[in-house]
Asker: 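Have a look at this one before I ask anything.
Note that ligands are numbered from 1 as they come in the structure, with each ligand's atoms numbered from 1 the same way. What you see is a predicted model; the values in this text were computed from it and never measured.
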Amino acid sequence: MSPEIKSYRGRLAPSPTGYLHLGHARTFWMAQERARAHGGALVLRNDDIDARRFKLEFVEAMIEDLHWFGFQWSEGPDCGGLRGPYNQSERFEFYRTALDQLRAGGFIYPCTCSRKDIAAAVHAPHASDDEAIYPGTCRLKQGAKGLHDEGIVSPVTRPLLPRTNWRFRVPDGEAIAFHDENLGPQQYVAGKDFGDFVVWRHDAVPAYQLSVVVDDAAMEITEVVRGADLLTSTARQLLLYRALGLPPPKFFHCPLMTDEAGVRLAKRHDATSLRKLRASGATPEALRRGW
Ligand code: GLU
């Protein structure tokens, strides 16, 4: 059998920062349906890396709500599996190894700008995206010294500078194109649609972009199903796959669910949390009608 033909592996990757709502359920349902249609496996990963925002009660609630709704996974924090651990908080060494690899390859640079510095330098906040386009202040400081400004990095993990973000230097002007399995051809231009993004935060936590790539690769996920709000992140993540020499998965982005006023559902929309819906007598079957 060709090594190219891998059996389908999908994932649900909630962050335990609040109760799951109907929008999560719809995207996850699509992920489950696609895994089933391909006769593949579904992994539950607990994206609890951000200790500032995550709460243990939400992890328990998340698993309970997912079971109630009818999700079934074969690998996860509650049932184990060959490619665990499935809690991001237990996978630190994977992220650290990837960070060292990026550093050794000259793909990242230290950045001491505060959010305030960046806000002051960026005139127009970037539309649809949460990470402002970095104006390049610290990149320019490094520029003259070239990519390997830090010298040859030993294979032994070197200490990181305290209170420093590490940013991925994007190839300005390069069009990052990919085929979305749901939305068709997509293209984002590095330096225009997104800038040098944080891969490691000053509080010693890997950023979402890095942790998700490292985990999806290590867990051998073949297709990532998630919300369309992450399309630009996919472009960033493709750069990380390339820099780390990892094969990227396929991507399937789902349109986001909105409320009656057309506002995107978020964890703060308490009324559509699966908990509330369940308490008010709704059944998963009725909620899924028409999906
Ligand atoms: N834990 C992330 C989130 O909930 C996962 C996003 C993704 O699917 O890549 O936003």
Asker: So, does R11 sit close enough to ligand 1 that a heavy atom of it is under 4.0 Å from the ligand?
Answerer: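 Heavy atoms of R11 do come under 4.0 Å of ligand 1.
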Asker: Distance under 4.0 Å to a non-hydrogen atom of L230: what atoms of ligand 1 satisfy this?
Answerer: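 Reading through ligand 1 atom by atom, the close ones are 6 (C), 7 (C).
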Asker: Evaluate the side-chain proximity of S15 to F54: yes if any heavy-atom separation is below 4.5 Å, no if none is.
Answerer: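 A side-chain contact under 4.5 Å is absent here.
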Asker: Could you check whether T97 and D100, counting side-chain N and O atoms only, form a donor-acceptor pair closer than 3.5 Å?
Answerer: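 Distance-only check fails for D100 and T97.
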Asker: Output yes when a side-chain donor or acceptor of E223 lies under 3.5 Å from a complementary backbone atom of F251, and no otherwise.
Answerer: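 Not confirmed, E223 side chain does not pair with F251 backbone.
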Asker: If we only count N/O pairs under 3.5 Å, is A13 in contact with ligand 1?
Answerer: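 Yes, since at least one N or O of A13 sits under 3.5 Å from an N or O of ligand 1.
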Asker: Which ligand 1 atoms are under 4.0 Å away from a heavy-atom of V212?
Answerer: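 Close to V212: 9 (O).
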Asker: Side-chain donor-acceptor pair under 3.5 Å between S233 and R226, yes or no?
Answerer: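 Note: S233 and R226 side chains miss the donor-acceptor criterion.
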Asker: Strictly by modelled atom types, are H202 and N165 linked by a side-chain donor-acceptor pair under 3.5 Å?
Answerer: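 The answer is no; no qualifying pair exists.
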Asker: Output the list of atoms in ligand 1 that are nearer than 4.0 Å to some heavy atom of D47, sorted by atom number.
Answerer: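 Near D47, meaning under 4.0 Å from one of its heavy atoms, ligand 1 has 1 (N), 2 (C), 5 (C).
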